[in-house]
Amino acid sequence: MIPGSFSYHRPASVADAVKLLSDLGDDARPLAGGHSLVPMMKLRLATPAHLVDLHGIAALKGIRRDGNNLVIGAMTTQHELLASDDIAQSVPILHEAVLLIADPQVRYRGTIGGNVANGDPGNDMPALMMTLGATYRLEGAGGARDVAAADFYQGAYFTALEPGEILTSVSVPVPAVGHGYAYEKLKRKVGDYATAAAAVVLTLSGGKVATCSIGLTNVHETPLLATDAAKAVIGTSLDAATLKKAAAAAEAIMAPAADARGPVEYRKHVGGIMVTRALQRAAAKAK
Ligand SMILES: Cc1cc2nc3c(=O)[nH]c(=O)nc-3n(C[C@H](O)[C@H](O)[C@H](O)COP(=O)(O)OP(=O)(O)OC[C@H]3O[C@@H](n4cnc5c(N)ncnc54)[C@H](O)[C@@H]3O)c2cc1C
């Protein structure tokens with residue numbers, strides 16, 4: 001319950017935050033919503049000597065359009081994502097998935113940047129961002145670079161973020177008009193991380209699947225893209241045999257931890273069920 005002591009910094013610009021993080025080195029951590037970091041600090045699983053609070057940086061806030069992309073500032077809260085009409089209309093799976101994250105109080109504080117940068121396989125946004133083909137903007141002392149969400153996750157709590165870098169925004173390509181979508185999450189109760197979850201975005205043409213992307217949450221040390229499962233459904237009308245094949249292809253790449261959510265075989269099995277349900281619901285929604 002009691003974190004270790006730390007120094008608190010509140011930079012007013014990205015450049016100042018990056019400079020502080022570079023100067024302070026490994027002992028410093030960015031503080032966003034604090035709803036993953038502070039719980040870890042209270043358990044002393046994280047003991048940073050410096051917290052660099054990003055709340056004073058206006059440039060990290062807000063949701064804007066850039067061509068066919070929605071560019072979401074890293075410090076945009078989960079509550080603000082839910083309040084966005086643009087997100088609800090153009091990337092409805094994001095609205096759906098955010099509603100399944102945590103609880104209202106956590107969503108008032110937790111940010112999209114913190115959720116995707118955290119590196120916890122339990123977080124829901126990473127696999128969804130991979131499914132949507134999102135890109136993360138990272139800024140460090142050497143400038144800015146863009147990394148595809150699909151290339152960002154290297155292991156549990158290991159990401160492509162280099163020391164001194166912060167994630168400043170998430171760029172989400174708006175899916176095609178009439179696309180189908182679903183985020184299916186099995187959890188023990190409200191506010192729990194997924195036992196297994198699946199994100200599906202697809203389009204139909206003449207009753208057959210034309211494009212499909214499938215992401216998996218919390219069934220591996222990183223979020224996953226189930227590319228073979230997605231390939232298996234393209235060109236089909238999602239008949240029972242195809243659904244079975246897709247679920248099996250997704251299960252084949254899962255390697256969940258055995259924990260209080262269940263043993264490995266159970267979590268893989270329900271992971272396959274999440275894929276099946278998400279595919280069916282997404283297809284029913286597609287126009
Ligand atoms: C009770 C409870 C239930 C929850 N349930 C869920 C759930 O079901 N699904 C889910 O996805 N999440 C869940 N969460 C986590 C919640 O969504 C967090 O808010 C989120 O994981 C982290 O976002 P944050 O803004 O709070 O980041 P913080 O906790 O401030 O930071 C998390 C980590 O990311 C780093 N970081 C933060 N922002 C940046 C940045 N811009 N650039 C670089 N590094 C950065 C920090 O240094 C830290 O290491 C839950 C949390 C709680 C307390």
Side-chain angles (χ1 to χ4, degrees), residues 36 93-94 96-102 115-134 136 147-160 180-202 209 211-234 236 238-283:
S36 287
I93 191 172
L94 180 51
E96 178 172 308
V98 171
L99 263 182
L100 297 173
I101 292 180
N115 199 290
V116 301
N118 195 27
D120 181 339
N123 283 133
D124 290 292
M125 289 294 101
L128 177 57
M129 291 303 138
M130 286 164 62
T131 307
L132 288 164
Y136 302 157
V147 175
D151 298 328
F152 186 75
Y153 300 97
Q154 300 168 347
Y157 296 101
F158 282 94
T159 68
Y181 63 90
Y183 191 74
E184 284 287 337
K185 176 174 176 180
L186 179 70
K187 52 190 163 78
R188 296 168 300 179
K189 61 181 177 64
V190 167
D192 192 20
Y193 294 92
T195 301
V200 168
V201 174
L202 55 71
V209 178
T211 62
C212 180
S213 181
I214 304 174
L216 306 172
T217 296
N218 217 15
V219 287
H220 197 273
E221 62 171 341
T222 61
L224 295 174
L225 269 183
T227 40
D228 286 346
K231 268 189 212 143
V233 303
I234 288 175
T236 77
L238 282 176
D239 53 282
T242 301
L243 286 170
K244 219 170 153 182
K245 214 166 132 189
E251 283 177 48
I253 59 167
M254 296 178 194
D259 61 14
R261 293 180 181 85
V264 170
E265 283 313 314
Y266 169 74
R267 294 185 66 180
K268 286 171 73 164
H269 179 68
V270 293
I273 294 173
M274 292 305 105
V275 169
T276 308
R277 287 186 187 168
L279 281 167
Q280 286 175 312
R281 198 153 58 78

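The chain is numbered in sequence order, starting from 1.
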For A198 and A278 the tightest heavy-atom approach is O-CB, 3.9 Å
Practice prompt. Please assess V116 against T159 for the test side chain to side chain contact (heavy atoms under 4.5 Å, CB included), listing each intermediate value before the final yes or no.
Written response: CA-CA 10 Å; V116 301; T159 68; over 6 Å; no
*How about D228 and I253: do any of their side-chain heavy atoms sit closer than 4.5 Å?*
no
**Report entry** R261 and D192, any side-chain heavy atoms less than 4.5 Å apart
**Finding:** yes
So CG of N218 and CG of L224: to nearest 0.5 Å the spacing works out to 10.5 Å
- Task: Might you work through the side chain to side chain contact (heavy atoms under 4.5 Å, CB included) test for K187 and L100, ending with a clear yes or no?
- Result: CA-CA 9 Å; K187 52 190 163 78; L100 297 173; 4.3 Å; yes
To the nearest 0.5 Å, atom CD of E96 lies from atom CZ of R281 at 4.0 Å
The complete set of side chain to side chain donor-acceptor pair (under 3.5 Å) pairs with one or both residues in residues 267-279, sequence neighbours excluded, reads D259-R267
Correct closest heavy-atom pair for V147 and A160 would be CG1-CB, 4.4 Å
Residues A250 and A229: closest non-hydrogen pair is N-CB, 4.0 Å
Rounding to 0.5 Å, atoms CD (E184) and OG1 (T217) come to a distance of 12.0 Å
>> Is the shortest side-chain heavy-atom distance between L243 and L238 below 4.5 Å?
In response: yes
Heavy atoms of G155 and T222 approach each other most closely as N-CG2, 3.3 Å
What's the verdict on side chain to side chain contact (heavy atoms under 4.5 Å, CB included) for L132 and S213, showing C-alpha distance, side-chain angles and the deciding distance? CA-CA 8 Å; L132 288 164; S213 181; over 6 Å; no
With a 3.5 Å distance limit and no angle check, can you tell me whether Y181 reaches the backbone of L94 through a side-chain donor-acceptor pair? no
Minimal heavy-atom distance between V219 and A196, with the atoms involved, is CG1-CB, 3.7 Å
Quiz item: Are any non-hydrogen side-chain atoms of L279 and V233 less than 4.5 angstrom apart?
Solution: yes
To the nearest 0.5 Å, atom OG1 of T211 lies from atom CD1 of I234 at 6.5 Å
Item to check | OH/Y157: more than 12 non-hydrogen atoms of other groups inside 6.0 Å | outcome: yes
All heavy atoms of A117 vs all of F152, minimum pair found to be CA-CE2, 4.2 Å
Stepwise, does the side chain to side chain contact (heavy atoms under 4.5 Å, CB included) test hold for V200 with T131? CA-CA 7 Å; V200 168; T131 307; 6.0 Å; no
Using a 3.5 Å cut-off and no angle test, enumerate the donor-acceptor pairs between side-chain atoms of residues 121-129 and protein atoms at least two apart in sequence or in another chain.
| unit_1 | atom_1 | unit_2 | atom_2 | d |
| --- | --- | --- | --- | --- |
| N123 | OD1 | N118 | ND2 | 3.0 |
| D124 | OD1 | Y183 | OH | 2.6 |
| D124 | OD2 | K185 | NZ | 2.7 |

